[in-house]
J.: 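Mind looking over this structure? Questions follow.
Below, chain A is the first sequence line, B the second, and so on; all start at residue 1.
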Protein chains: 2
Amino acid sequence: MPEKPPAPAVEKVKTTYLEGLIGYNARRAALVIIDAFLQQMAVYGLRPVDFSVLSLIHHNPGITSRQLCATLNIQPPNLVGMIRSLENRSLLTRQPHPNDGRAVGLHLTASGQELMLDAERTAQELESDAAAGLTATERKTLIRLLQKIYL
Amino acid sequence: MPEKPPAPAVEKVKTTYLEGLIGYNARRAALVIIDAFLQQMAVYGLRPVDFSVLSLIHHNPGITSRQLCATLNIQPPNLVGMIRSLENRSLLTRQPHPNDGRAVGLHLTASGQELMLDAERTAQELESDAAAGLTATERKTLIRLLQKIYL
DNA sequence: TATTGTTATACTCTATAACTATA
DNA sequence: TATAGTTATAGAGTATAACAATA
């Protein structure tokens with residue numbers, strides 16, 4: 001009876017199968033961009049989620065925590081700490097909601113607005129870097145197709 | 001001096017700014033697909049990362065932990081538990097590496113191969129669902145553009 | 001009775017330092 | 001000296017249950 005030959009080593013890993021799945025590709029692409037985001041936004045002391053929150057408040061002054069949670073798929077308990085932290089940094093204020101005593105309207109402070117003008121400019125540069133290999137048309141196509149997946 | 005008017009409430013949240021960023025869209029799309037993946041793969045007892053690991057072993061028998069880590073951007077310590085768990089379920093075996101005494105070659109067992117044939121078929125169905133709103137051409141374009149971001 | 005915001009808490013995911021055996 | 005695999009551990013991220021105040 002012949003001995004079982006030793007299993008050969010893998011020289012080059014074949015990723016063909018996974019690379020055919022949209023989910024795998026979307027996740028890999030998201031991780032690369034988020035990693036760049038983390039590094040570039042560090043100077044502002046903002047993580048991606050902080051940037052998203054502040055940006056939504058920036059463009060929707062008076063937005064409530066509940067609306068932020070629904071928009072960004074964040075659980076309410078997990079937003080509490082972020083809001084408190086950003087409030088402690090004087091980047092936002094919590095004001096009484098005009099017609100719902102339970103809710104609180106969120107607004108950027110003057111320094112919060114200043115920070116976000118800079119941060120959103122940086123985000124645009126980062127966007128150009130990420131899409132450096134894409135034409136303007138391809139970039140628009142990519143965003144349109146991604147939105148078809150999740151909207 | 002007139003009283004400051006109360007800040008108005010936000011009726012509809014404007015997400016225009018964030019929706020113009022590739023990273024935001026890629027992450028949202030990835031989360032939607034991964035969520036569907038989690039639900040569909042639950043019957044196999046596989047999380048997305050388990051599926052990725054087993055799939056790579058399936059298509060690269062003899063692959064090492066180190067190669068898996070490099071391919072999937074996993075830290076080695078975080079892979080140890082996954083491998084052990086999959087080995088305990090008799091889905092894979094660890095065999096001596098043919099030409100490196102430090103390394104271990106990973107192989108699917110017969111039941112591991114059976115499971116992955118089913119799981120990969122399910123993944124394909126899930127892929128069709130995710131891309132339900134896309135034409136075949138759009139799906140290929142999406143994957144091609146995503147790979148331009150991260151490869 | 002339902003919803004907003006909150007606390008406390010647990011669970012998962014990810015990252016780092018340090019060790020061993022081998023190259 | 002460097003690398004593969006491992007252990008222990010810490011930190012970040014995410015989820016659920018339950019409560020007070022208001023609708």
J.: Any chance you could list the contact pattern along nucleotides 2-9 of chain D? Use B for base contacts, S for sugar-phosphate-only contacts and - for none, protein heavy atoms under 4.0 Å, 5' to 3'.
T.: BBBBBBB-
J.: Residues in salt bridge (Lys or Arg N to Asp or Glu O under 4.0 Å) with B/R28, at least two apart?
T.: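 Scan of B/R28 (salt bridge (Lys or Arg N to Asp or Glu O under 4.0 Å), adjacent residues dropped) gives none.
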J.: List the residues meeting salt bridge (Lys or Arg N to Asp or Glu O under 4.0 Å) with A/D100, not counting sequence neighbours, and say none if there are none.
T.: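 For A/D100, the residues satisfying salt bridge (Lys or Arg N to Asp or Glu O under 4.0 Å) (neighbours in sequence not counted) are A/R102.
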J.: Got a sec, which residues hit salt bridge (Lys or Arg N to Asp or Glu O under 4.0 Å) with A/D118, two or more places apart in sequence or on another chain?
T.: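 Scan of A/D118 (salt bridge (Lys or Arg N to Asp or Glu O under 4.0 Å), adjacent residues dropped) gives A/R121.
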J.: Identify, residue by residue, the members of residues 32-54 of chain B with a heavy atom below 4.0 Å from DNA chain C, and return them in order of residue number, or none.
T.: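 Those residues are B/R47.
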J.: Rounded to the nearest 0.5 Å, how far apart are CD of B/Q75 and CG of B/N78?
T.: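 These two atoms lie 6.5 Å from each other.
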J.: Under the side-chain contact (heavy atoms from CB on, under 4.5 Å) rule, collect the residues that match up with B/N88, sequence neighbours excluded.
T.: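 Result, side-chain contact (heavy atoms from CB on, under 4.5 Å) vs B/N88: B/R84.
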J.: Go through the steps for B/Q147 and A/N25 under the test side-chain hydrogen bond (donor to acceptor under 3.5 Å, both in side chains), then give the verdict.
T.: CA-CA 7 Å; B/Q147 287 176 357; A/N25 288 284; 3.0 Å; yes
J.: With A/R89, which residues qualify under salt bridge (Lys or Arg N to Asp or Glu O under 4.0 Å), at least two apart?
T.: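 For A/R89, no residue satisfies salt bridge (Lys or Arg N to Asp or Glu O under 4.0 Å) once neighbours in sequence are set aside.
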J.: With a 3.5 Å distance limit and no angle check, can you tell me whether A/T109 reaches the backbone of A/G112 through a side-chain donor-acceptor pair?
T.: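 Such a contact is found between A/T109 side chain and A/G112 backbone.
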J.: A/P76: which residues meet the side-chain contact (heavy atoms from CB on, under 4.5 Å) condition with it, sequence neighbours left out?
T.: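 A/P76 satisfies side-chain contact (heavy atoms from CB on, under 4.5 Å) with A/R66, A/C69 only.
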J.: Expressed as a whole number of angstroms, how long is the span from B/Q75:CD to D/dA12:C1'?
T.: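 Answer to the nearest Å: 14 Å.
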J.: What's the angle between the local helix axes at either end of the helix from C/dT1-D/dA23 to C/dA23-D/dT1, using five pairs per end and rounding to 10 degrees?
T.: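 Inter-axis angle at the termini of the helix from C/dT1-D/dA23 to C/dA23-D/dT1: 10°.
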J.: Could you list the residues that satisfy side-chain contact (heavy atoms from CB on, under 4.5 Å) with B/Q67, not counting sequence neighbours?
T.: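 side-chain contact (heavy atoms from CB on, under 4.5 Å) check on B/Q67 returns A/V10, A/V13, B/I63, B/T64.
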J.: Residues two or more places apart in sequence or in another chain: which of them pass side-chain contact (heavy atoms from CB on, under 4.5 Å) with B/Q40?
T.: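 B/T122, B/L126.
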J.: Please find the earliest and latest nucleotides of DNA chain C, in the 5' to 3' direction, that have an atom within less than 4.0 Å of any heavy atom of chain B.
T.: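 Both ends considered, the range comes out as C/dC13 to C/dA23.
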J.: How many angstroms lie between CD1 in B/I33 and CD in B/E127, if you round to the nearest 0.5 Å?
T.: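 So the gap between those two atoms works out to 6.5 Å.
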